[in-house]
**Student:** 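For reference, the structure I am asking about is given below.
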Amino acid sequence: VKLEEAIAAAKERSKWVKVADGLPVVPEGAGYIFIWAYSTSKTIYRIQYSDLRNACLLHVLYSHWMYCVDDTPAPPEDL
């Protein structure tokens with residue numbers, strides 16, 4: 001059961017999330033995390049995200065975000 005939960009959590013972290021549906025969570029004690037962000041100009045960026053500094057910018061400049069994985073992801077499918 002724990003292995004299945006770990007696999008499900010890993011899959012969830014590699015999905016595009018609409019910015020309007022929610023923002024990334026920075027773990028307590030961490031100043032920032034890296035995320036992939038899909039811009040309104042159809043470009044994927046790897047950005048350093050912190051709750052306070054980047055939340056407003058995500059709403060303005062990006063349509064989707066994803067927790068950072070090793071490889072550059074494909075664009076969101078729901079465009």
Side-chain angles (χ1 to χ4, degrees):
V1 174
K2 292 195 181 230
L3 178 60
E4 291 171 354
E5 291 173 4
I7 292 170
K11 284 183 178 179
E12 196 62 34
R13 291 182 61 84
S14 63
K15 288 184 179 178
W16 285 107
V17 177
K18 289 182 180 180
V19 172
D21 292 344
L23 297 173
V25 174
V26 177
E28 192 171 322
Y32 61 89
I33 59 171
F34 285 98
I35 62 169
W36 294 111
Y38 190 77
S39 75
T40 52
S41 63
K42 299 182 168 103
T43 306
I44 296 172
Y45 295 95
R46 183 177 183 260
I47 63 171
Q48 184 176 324
Y49 176 84
S50 65
D51 290 332
L52 301 174
R53 194 178 86 197
N54 299 114
C56 292
L57 287 177
L58 273 182
H59 282 285
V60 174
L61 300 175
Y62 304 100
S63 63
H64 294 72
W65 65 269
M66 177 191 311
Y67 289 107
C68 221
V69 292
D70 293 335
D71 298 323
T72 302
E77 294 177 6
D78 64 349
L79 293 177

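Remember, predicted model here, so these are calculated numbers, not experimental data. In what follows, residues are counted from 1 in the order of the sequence shown.
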**Student:** Got a second to check how far Y62's OH is from I44's CD1, nearest 0.5 Å?
**Tutor:**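 Going from OH on Y62 over to CD1 on I44, the span is 12.0 Å.
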**Student:** Any non-hydrogen side-chain atom of L61 less than 4.5 Å from a side-chain atom of T40?
**Tutor:**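 The answer is no, as the side chains (C-beta and beyond) never meet within the 4.5 Å cut-off.
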**Student:** Is I47 linked to Y32 within one hydrophobic cluster, defined over Ile, Leu, Val, Met, Phe, Trp and Tyr using a side-chain heavy-atom separation of less than 4.5 Å?
**Tutor:**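 No; Y32 is not reachable from I47 via cluster members.
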**Student:** Taking all atoms of both residues into account, what is the closest heavy-atom pair of G31 and S50, and its distance?
**Tutor:**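 That closest heavy-atom pairing would be O-CB, 3.4 Å.
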**Student:** Below 4.5 Å, heavy atoms only, C-beta onward: do R46 and C68 meet side chain to side chain?
**Tutor:**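 A side-chain contact exists here, since the closest heavy-atom pair is under 4.5 Å.
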**Student:** Check I33 against P24 and note the closest heavy-atom contact, atom names and distance.
**Tutor:**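 For I33 and P24, the tightest heavy-atom pair comes out as CD1-CB, 4.0 Å.
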**Student:** What residues form a side-chain contact (heavy atoms from CB on, under 4.5 Å) with L23, not counting sequence neighbours?
**Tutor:**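 Listed in chain order: V19, Y49, A55, L58, H59.
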**Student:** Give the C-alpha distance, both sets of side-chain angles, the deciding distance and a yes or no for side-chain contact (heavy atoms from CB on, under 4.5 Å) between V25 and Y67.
**Tutor:** CA-CA 9 Å; V25 174; Y67 289 107; 3.7 Å; yes
**Student:** So, does W36 use its side chain to make a donor-acceptor pair with the main chain of H64 at under 3.5 Å?
**Tutor:**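 It does not hold such a pair.
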**Student:** Considering only residues two or more places apart or on different chains, which pairs with a residue in residues 20-33 satisfy salt bridge (Lys or Arg N to Asp or Glu O under 4.0 Å)?
**Tutor:**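 Passing the test, one end in residues 20-33: no pairs.
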**Student:** Going by the rule ring pair (Phe, Tyr, Trp, His ring centres under 6.0 Å), which residues pair with Y45 if we only count those two or more places apart in sequence or in a different chain?
**Tutor:**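 Per chain and number, Y45 pairs via ring pair (Phe, Tyr, Trp, His ring centres under 6.0 Å) with no residue.
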